[in-house]
Chemist: 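There's a structure below that I have some questions on.
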Amino acid sequence: MNDKPLSSHWADISADTIIRERGEKEHYVCASGITPSGTVHIGNFREIISVELVVRALRDRGRKVRFIYSWDDYDVFRKVPANMPRQEYLAQYLRQPITCVPDVLGREESYAARNEKNLEAILPKVGIEPEYIYQASRYRASHYAEEMKTALDKKDTIRQLLNAHRTAPLPEDWQPLSVFCTQCHRDTTEVKNRDGEYGIRYECSSCGNTETVDLRSTGAVKLPWRIDWPMRWHHEKVDFEPAGKDHHTEGGSFDTARTIAGEVYKCEAPVTFQYEFVRVKGGSGKLSSSSGEVVSLSDVLRYYQPEVVRYLFAGTRPNTDFAISFDLDIFKIYEDYDKLERSYFNKPDNPKKLNKWQKDARTYELSQISHIPQTQPAQIQIRHLTVLLQIHSGNIGKALEHINPLAPRDILKLTKRAECAWNWVCDFAPEEFRFSLRSPETPPIPLAPELAAAVLQLRHLSEQQLGKIPEKDFSKLMYQIIQTNQLESAEFFRAVYQLLIAKDEGPRLINFLHILGTETVLPLLSPA
RNA sequence: GGGCCGCUAGCUCAGUAGGUAGAGCAACGCCCUUUUAAGGCGUGGGUCAAUGGUUCGAAUCCAUUGCGGCUCACCA
């Protein structure tokens with residue numbers, strides 16, 4: 001295999017590291033996962049897309065990859081999320097596995113399933129399609145019976161490893177298992193003893209149930225997180241799995257999982273890196289899931305087209321934190337992406353620039369959903385779209401007519417961008433940014449006679465020349481009107497904007513008039 | 001207390017598998033008789049937090065220190 005690095009992009013470097021440290025393999029296993037105990041937010045998404053980008057880097061090197069995503073839906077329901085209705089009703093299910101908690105929004109069979117389905121439905125939109133593993137099903141099917149027995153056999157080793165980083169040591173009789181009572185489904189149980197093989201006896205402090213179960217047939221037993229994680233590395237032969245900084249610290253769960261993997265499950269910890277959290281800038285209070293104080297991927301996709309979402313993460317090294325912006329920064333992000341795209345189709349000859357270009361080009365490739373375009377797609381500045389859309393009250397088809405002709409493949413992407421632009425205008429645009437055309441039936445504010453006269457001259461000029469002469473020439477003629485009427489340009493502009501959009505300010509006027517066109521302009525430029 | 005991340009232009013940040021310090025905004029200047037959220041062109045601006053080390057060469061690698069942030073030592 002050709003092992004020359006594809007680029008100095010972080011995803012390629014990670015892929016190289018995986019191949020180097022794990023050796024040549026038939027296929028590589030890359031893993032990600034989370035407990036679906038709430039809306040999967042954009043910080044969680046950083047892990048998923050980080051893995052996806054590395055998966056893609058491996059595949060681009062000709063390697064086969066299995067990309068698994070673990071839903072840890074056999075974890076305990078520990079607290080009722082603040083953004084959920086029917087808090088008291090849900091509280092009954094505390095200490096049960098989250099897969100047993102009903103979906104109070106009534107859509108799915110469980111609270112966990114709802115969070116899972118929400119994400120699974122949306123990930124393909126950004127080009128991510130992992131193989132999902134549902135841990136509740138796995139445990140209930142006694143899938144991990146052997147590994148659980150191993151944990152029991154080595155419980156003293158495990159206890160020592162965990163105690164190395166604990167303030168309060170685990171008790172002598174601690175067992176590396178947690179049991180959901182088969183009567184009340186709560187994990188308020190204590191393992192009393194085992195038969196040395198697969199049988200264990202537990203007692204439930206909630207309902208008093210005492211029972212002996214067999215690991216090979218019961219679905220009630222699971223491993224606690226710090227043991228569950230290394231067990232799965234072993235079970236799935238995981239080669240790569242990043243983790244957040246909460247795990248990646250000395251004495252944190254990755255650290256203990258590494259030692260448990262080595263000493264108990266006789267496998268090496270996967271290649272990993274730590275990713276930083278994602279901050280949110282702007283947009284406070286208006287994001288759909290903001291009541292739960294999290295921003296989800298679907299929130300982000302409402303304002304960022306899928307390629308740009310990928311670009312945000314592909315273009316930022318995982319171990320640095322960054323903010324996703326919902327304020328005016330959003331324009332810059334789109335412009336940066338467009339610039340990257342133009343650069344991709346404009347390879348430099350200068351060898352010095354080539355190095356930077358290669359990395360940028362790689363970022364562009366990794367930002368694409370599936371196929372990389374062969375020629376440069378049409379671009380429309382999102383700023384421009386926000387003006388066009390406001391002129392047409394959000395009608396995307398009419399807004400895009402201004403840009404004809406568009407190739408079919410471009411229309412799809414530009415329509416998505418236009419949807420995002422309109423969502424942004426509606427939800428986050430600052431007041432001075434917004435406008436809608438004045439209806440000709442709405443009476444305009446009265447104008448001083450000399451202003452009214454000037455406006456009528458502009459109307460006449462528009463009727464004769466708008467769209468027929470270059471914007472520059474039109475501009476000169478308009479300024480002549482201002483001058484011959486001895487007006488301050490500011491008051492003239494104010495008057496025109498009042499007639500057009502009933503505001504004192506607006507989009508750059510000459511360009512705005514041209515976009516509007518004679519038919520729209522004439523009825524509006526009629527002073528009271 | 002341990003760990004991790006950050007400290008680069010006035011602001012927000014790129015740039016770290018070593019090779020002459022960058023962008024956007026802001027500022028300043030000029031131009032379009034030219035206003036705006038959004039014109040064009042140009043200019044200035046930095047002991048890359050500090051000190052020491054490795055090197056022909058360090059923003060980049062190493063060590064120490066300072067400041068800021070996050071995180072672990074419950075659970076996951």
Side-chain angles (χ1 to χ4, degrees), chain A residues 5 7-10 12-13 16-17 33-38 72 74-79 95 98 162-170 178 187 222-229 243-257 273-277 279 281 315-323 325 327-329 331-333 335-336 339 352 355-356 359-360 363 381-384 386-387 390 425 429-435 471-473 475-484 487-497 501 503-512:
Chain A
S7 79
S8 59
H9 190 280
W10 62 263
D12 286 320
I13 292 172
D16 293 338
T17 305
I34 196 177
T35 304
S37 59
D72 299 340
Y74 215 37
D75 289 353
V76 179
F77 187 53
R78 297 175 66 233
K79 64 175 187 201
R95 303 312 316 176
I98 52 174
L162 293 179
N163 278 344
H165 300 284
R166 291 178 65 96
T167 41
L170 295 162
S178 71
D187 74 339
K222 76 183 284 280
L223 291 167
W225 163 246
R226 280 182 187 245
I227 308 158
D228 180 65
W229 203 12
K245 57 165 43 173
D246 47 340
H247 299 293
H248 255 290
T249 184
E250 196 169 292
S253 57
F254 195 98
D255 198 32
T256 55
F273 58 66
Q274 172 186 309
Y275 56 85
E276 267 282 347
F277 295 158
R279 299 189 315 271
K281 180 163 175 274
T316 312
R317 296 155 62 97
N319 65 349
T320 56
D321 70 338
F322 74 104
S325 299
D327 56 13
L328 282 162
D329 285 0
F331 287 169
K332 183 174 186 298
I333 304 294
E335 276 162 27
D336 286 349
K339 197 168 154 191
K352 274 191 171 179
N355 214 9
K356 178 177 168 17
K359 187 165 173 181
D360 286 347
T363 302
Q381 279 203 347
I382 193 160
R383 281 175 193 282
H384 190 47
T386 61
V387 174
Q390 290 187 85
V425 168
E431 191 45 44
E432 66 270 19
F433 200 97
R434 298 183 196 197
F435 68 86
E471 286 189 22
K472 245 191 155 105
D473 297 339
S475 172
K476 280 190 179 165
L477 293 171
M478 188 179 79
Y479 275 95
Q480 273 175 19
I481 294 173
I482 296 173
Q483 213 167 28
T484 52
L487 294 170
E488 292 288 331
S489 56
E491 57 179 341
F492 175 79
F493 279 101
R494 206 156 44 233
V496 176
Y497 284 126
I501 58 175
K503 294 183 68 167
D504 286 343
E505 298 175 343
R508 199 171 174 76
L509 187 55
I510 300 299
N511 182 250
F512 191 41

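Each chain gets a letter, A, B and so on, in the order its sequence line appears, and its residues count up from 1.
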Chemist: Whole-Å distance between B:A38 P and A:Leu509 CG?
Modeler: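 Distance check: A:Leu509 CG to B:A38 P gives 16 Å.
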Chemist: Please evaluate the base of B:U16 for a donor-acceptor partner in the side chain of A:Arg317 within a cut-off of under 3.5 Å?
Modeler: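 Present.
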Chemist: When all nucleic acid strands are considered with a 4.0 Å heavy-atom cut-off, which category describes A:Thr35: base, sugar-phosphate, or nothing?
Modeler: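 Sugar-phosphate contact only.
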Chemist: Expressed in whole Å, how much space separates the P atoms belonging to B:G44 and B:U54?
Modeler: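 Roughly 37 Å separates the two P atoms.
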Chemist: Do A:Phe493 and A:Met478 make a side-chain contact, defined as non-hydrogen atoms from C-beta onward lying under 4.5 Å apart?
Modeler: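 Yes, at least one pair of side-chain atoms sits under 4.5 Å.
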Chemist: Given the side-chain rings of A:His248 and A:Phe254, with only the six-membered ring counted for Trp, is the space between their centroids under 6.0 Å?
Modeler: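 Yes, ring centres under 6.0 Å apart.
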Chemist: So A:Val387, base contact, sugar-phosphate only, or nothing? Heavy-atom distance under 4.0 Å.
Modeler: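 Result for A:Val387 = base.
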Chemist: According to the interplanar angle, ranging from 0 to 90°, do the rings of A:Phe512 and A:Phe435 count as parallel (below 30°), tilted (30 to 60°) or perpendicular (above 60°)?
Modeler: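 Ring orientation of A:Phe512 relative to A:Phe435: perpendicular.
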Chemist: Could you measure between the two C1' atoms, the one in B:A14 and the one in B:C25, and give it in whole Å?
Modeler: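 Pairwise C1' distance, B:A14 against B:C25, rounds to 14 Å.
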Chemist: Using the P atom as the point on both nucleotides, what is the distance between B:C74 and B:C5, in whole Å?
Modeler: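 So the two P atoms sit 23 Å from each other.
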Chemist: Going by an N to O cut-off under 4.0 Å, is there a salt bridge joining A:Asp321 and A:Arg279?
Modeler: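 Yes, this pair counts.
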Chemist: What interatomic distance, in whole Å, is found between C1' of B:A9 and the corresponding atom of B:G24?
Modeler: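 About 12 Å, rounded to a whole number of Å.
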Chemist: Counting only Watson-Crick or G-U wobble pairs whose two distances fall under 3.5 Å, which nucleotide matches B:A76?
Modeler: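 B:A76 is paired with nothing.
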Chemist: Should A:Gln274 and A:Asn319 count as side-chain neighbours, where that means a heavy-atom distance under 4.5 Å?
Modeler: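 No; the side chains remain at least 4.5 Å from each other.
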Chemist: Using the C1' atom in both, what is the distance from B:G22 to B:C56, to the nearest Å?
Modeler: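 These two C1' atoms come out 26 Å apart once rounded.
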Chemist: Quick check: on RNA chain B, is the nucleotide nearest A:Asn511 upstream (toward 5') of the one nearest A:Trp225, or the reverse? Name the residue that is more 5'.
Modeler: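 The residue whose closest nucleotide sits nearer the 5' end is A:Asn511.
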Chemist: Could you let me know what B:C4 is paired to, Watson-Crick or G-U wobble, both distances under 3.5 Å, or none if it's on its own?
Modeler: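 Paired with B:G69.
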Chemist: Roughly how many Å is it from CZ in A:Phe254 to C1' in B:G2, rounded to a whole number?
Modeler: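 Distance, rounded to whole Å: 18 Å.
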Chemist: If you define the side chain from C-beta out and look only at heavy atoms, does anything of A:Trp225 sit under 4.5 Å from A:Asp72?
Modeler: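 The answer is yes, as the side chains (C-beta and beyond) meet within the 4.5 Å cut-off.
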Chemist: Tell me whether A:Tyr479 is stacked on the nucleobase of B:U33, counting only the six-membered base ring and applying the 5.5 Å and 30° thresholds.
Modeler: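 Given the distance and angle limits, no, they do not stack.
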Chemist: Heavy atoms only, 4.0 Å cut-off, all strands: where does A:Pro224 land among base, sugar-phosphate and nothing?
Modeler: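 Sugar-phosphate: the residue A:Pro224, judged by heavy atoms under 4.0 Å, touches backbone atoms but no base.
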Chemist: Which whole-number value in Å describes the distance from A:Ile98 CD1 to B:C75 C1'?
Modeler: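 So the CD1-C1' distance, A:Ile98 to B:C75, works out to 13 Å.
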Chemist: Mind checking who B:G18 pairs with, Watson-Crick or G-U wobble, both distances under 3.5 Å?
Modeler: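 Base-paired to nothing in any strand shown.
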Chemist: Between B:G39 atom P and A:Gln381 atom CD, what is the distance in whole Å?
Modeler: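 It is 11 Å, rounded to the nearest whole Å.
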Chemist: Any side-chain N or O of A:Thr320 below 4.0 angstrom from OP1/OP2 of B:G6?
Modeler: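 Checking A:Thr320 against B:G6: no side-chain N or O falls below 4.0 Å of OP1 or OP2.
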Chemist: Just the table, please: protein N/O against nucleotides 7-13 of chain B N/O, every pair under 3.5 Å.
Modeler:
none

Chemist: Over how many whole Å does the gap from A:Arg383 atom CZ to B:G39 atom C1' extend?
Modeler: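 Atom CZ in A:Arg383 sits about 12 Å away from atom C1' in B:G39.
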Chemist: Starting at atom CD of A:Glu505, determine the distance to atom P of B:A38, rounded to an integer number of angstrom.
Modeler: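 So the CD-P distance, A:Glu505 to B:A38, works out to 11 Å.
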Chemist: Does A:Gln480 or A:Gln274 map to a spot on RNA chain B nearer the 5' end, using the closest nucleotide for each?
Modeler: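 Counting from the 5' end, the first nearest nucleotide belongs to A:Gln274.
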Chemist: Taking the side chain as everything from C-beta on, heavy atoms only, tell me whether A:Arg95 gets closer than 4.5 Å to A:Val76.
Modeler: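 Heavy-atom side-chain distance check passes, below 4.5 Å.
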Chemist: Check whether any side-chain heavy atom of A:Ile501 lies under 4.5 Å from a side-chain heavy atom of A:Gln390, and answer yes or no.
Modeler: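 Sidechains of A:Gln390 and A:Ile501: no contact.
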Chemist: Output the single nucleotide from B:U35, B:A23, B:A73 whose closest atom is nearest the side chain of A:Tyr497.
Modeler: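 Among the listed nucleotides, the one closest to the side chain of A:Tyr497 is B:U35.
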Chemist: May I have the distance from A:Asp12 (atom CG) to B:U16 (atom P), rounded to whole angstrom?
Modeler: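 Interatomic distance, CG of A:Asp12 to P of B:U16: 14 Å.
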Chemist: Atom CD of A:Gln483 and atom OH of A:Tyr479: how far apart are they, to the nearest 0.5 Å?
Modeler: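 So the CD of A:Gln483 and the OH of A:Tyr479 are separated by 11.0 Å.
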Chemist: Taking 4.0 Å as the cut-off, does a side-chain nitrogen or oxygen of A:Arg166 come that near to OP1 or OP2 on B:G2?
Modeler: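 No, A:Arg166 has no side-chain N/O under 4.0 Å of OP1/OP2 on B:G2.
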Chemist: Is the number of heavy atoms from other residues, nucleotides or ligands within 6.0 Å of NZ (A:Lys503) greater than 12?
Modeler: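 Enclosed.
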Chemist: Using purine N1 to pyrimidine N3 plus N6-O4 or O6-N4 for Watson-Crick, or N1-O2 and O6-N3 for G-U wobble, each under 3.5 Å, what pairs with B:A27?
Modeler: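 WC or wobble partner is B:U43.
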Chemist: Once you measure the plane-to-plane angle for A:Phe273 and A:Trp10, does it fall in the parallel (<30°), tilted (30-60°) or perpendicular (>60°) bin?
Modeler: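 The arrangement is perpendicular - the two ring planes meet at more than 60°.
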Chemist: Would you mind pulling out the nucleotide paired to B:G52, Watson-Crick or G-U wobble, both distances under 3.5 Å?
Modeler: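 The base-pairing partner of B:G52, which may sit in any strand shown, is B:C62.
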Chemist: Does a side-chain N or O of A:Arg508 approach OP1 or OP2 of B:U36 to a distance below 4.0 Å, or not?
Modeler: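 Result: no.
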Chemist: Rounding to a whole Å, what distance do you find between A:Phe322:CZ and B:C5:C1'?
Modeler: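 Between C1' of B:C5 and CZ of A:Phe322: 15 Å.
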Chemist: Taking the side chain as every heavy atom from C-beta outward, state whether A:Ile98 and A:Phe77 have any pair of such atoms under 4.5 Å apart.
Modeler: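 Result yes, sub-4.5 Å side-chain heavy-atom pair found.
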Chemist: Could you give the distance separating B:A73 and B:C4 at their C1' atoms, to the nearest angstrom?
Modeler: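 These two C1' atoms come out 15 Å apart once rounded.
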Chemist: Could you work out the separation of B:G6 and B:A50 based on their C1' atoms and round it to a whole Å?
Modeler: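 One C1' to the other, the span is 16 Å.
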Chemist: Under 4.0 Å, heavy atoms only, any strand: does A:Lys222 hit a base, just the sugar-phosphate, or nothing?
Modeler: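 Counting heavy atoms under 4.0 Å across all strands, no contact is made by A:Lys222.
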Chemist: Expressed in whole Å, how much space separates the C1' atoms belonging to B:C67 and B:G29?
Modeler: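 The answer is 38 Å between these two C1' atoms.
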Chemist: Using a cut-off of 4.0 Å between protein heavy atoms and nucleotide atoms, how would you tag nucleotides 63-72 of chain B 5' to 3' with B, S and -?
Modeler: ------BBSS
